[in-house]
Amino acid sequence: MSAPPETAEAVDPIPILRRLIRFRSVNPPGEERGCAEYIAGLLAEAGIESRLLGPDPERPNLIARVPGRGEAPPLLLHGHSDVVPTDGQEWTHPPFEALLIDGEVWGRGAIDMKGGLAMMLAALLTLRARGEAPAGDVLLAVVSDEENGSRVGAGWLATHHPELFEGIPYCIGEDGGAVLTADPNRRFHPVGVAEKRACWLRLTLRGRGGHASRQGWPNLAVHQLTEVLTALRDGRLPVHLTPALDRMLQEMSTVVGDELAAELTALRKGERTTVPYDLMDTADAVYLDSTIRHTVNATIIRTPEKINMIPAEITVDLDGRILPGDFGVADYVAELRALLNEFSASGRLGDEVGIELLLEGSRNPKAEPEFGPFYERLVEILRATDPEGVPIPMITPASTDARLFANLGMDCYGWLPMLLPAGSRYQENMHDADERVPAEAVRFGADCLYRLLIDHP
Ligand SMILES: [Zn+2]
């Protein structure tokens, strides 16, 4: 593509980001109205009409449609304006003052995802400042409630206003832009192409109850609990080489050191089923471990609260995540039962334990991600803006609002590119204390998004 015209300075996303952080749109309760009205004002100044809609006046979603040149189908940019709470966290700098210190913007939402919203807005406003139109119409959806179920946000829009999204083949949302440090000298630019989905379960363990003064009953519920927790610590569900994973491993293995490359290739070929934790940064290894298999974590354990009584029943709530693709809850539960059998003294714990489904995340109707011209365009932009960086496809271990737009038939990509120093770990402060982002990283993302709007398939 041709270089961007230099007729007007690019709009700086940093003042927008800092203003957004100062709205305390903490969810719960949300209160995203301030953000939505501020964004509506910004857009109006640039001559872009928007409207606020939603079931709760204090928590509106903003929709704006910017007409394109008619050279491409419409494109959706979606971002959420709510943030997670800061309760109980010790911050070095206050989380809602958006201080700019040594080139970094500090505050809740700097990464997740007011930084991303600022990129999207700056890209759109730069177009307007330069008198340009995007290739196709751009629909901007700034939504509420992503951090708490999306019921008044993207979920409500998709259910009550699907017509807004008709004819849109592709969308851009959060994630991607994280930095993997599989090689400390390489800067990876992950492009989110697929997401895992939730499968929350409750295990019920039953055994003999009774007076807690007696020693020695076999196979008590608490003993089974030990086996469950040991299985979750030491065991793993099987590896599934999905197409997205295969491509991710293959592309990573071409740029990392020889030793790690050999291990990644062995994973691809099914010759090993464990992640080489010793060769990778732990956070990266944990990430990789979570994308090659369904995962399971015990999060809530309930027993009767009586110290002199052996509990006859214990429940263990599990946060399970299913890989993208054609996997169902039954497949997942079968793998889990096999794992529990393997780690139980009786060899039957998995068959005997009660398993109840608490919540199932919706399955992307397209089992496999689309690696067509749109994906290639994202990669091309990354290569042009950061020639030393390495774009790779990534599987998001959690789920975002993309799942709701995927249900409307769109191919969704997590693409908020950031130019971060190789080896930096900004992503780790998401949802934690000291969330912050380098201003230059956000400017880089705004530039990438601008290039996409100008010329997208
Ligand atoms: Zn987010």
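Keep in mind that the numbers below use all heavy atoms, side chains included, and drop hydrogens, waters and symmetry copies. Remember, it's 1-based here, ligands and their atoms both numbered in the order they're listed. Remember, it's a predicted structure, so these values are computed and weren't measured experimentally.
The Zn ion (ligand 1) has an N, O or S atom of Asp112 under 2.8 Å away, backbone or side chain. Note on Glu146: not counted as a metal contact of the Zn ion (ligand 1), no N/O/S atom lying under 2.8 Å.
Centred on the Zn ion (ligand 1), the angle running from Glu174 (OE1) to His80 (NE2) is recorded as 100°, rounding to 10°.
Checking Val316, Val333, Asp317 one by one against Leu201, the side-chain contact (heavy atoms from CB on, under 4.5 Å) holds for a single residue, Val333.
Around CD of Glu163, the count of heavy atoms belonging to other residues, nucleotides or ligands within 6.0 Å exceeds 12.
A donor-acceptor contact under 3.5 angstrom links the side chains of Asp289 and Tyr277, judged on distance only. Between the side chains of Asp319 and Trp200, at least one donor N or O sits under 3.5 Å from an acceptor N or O.
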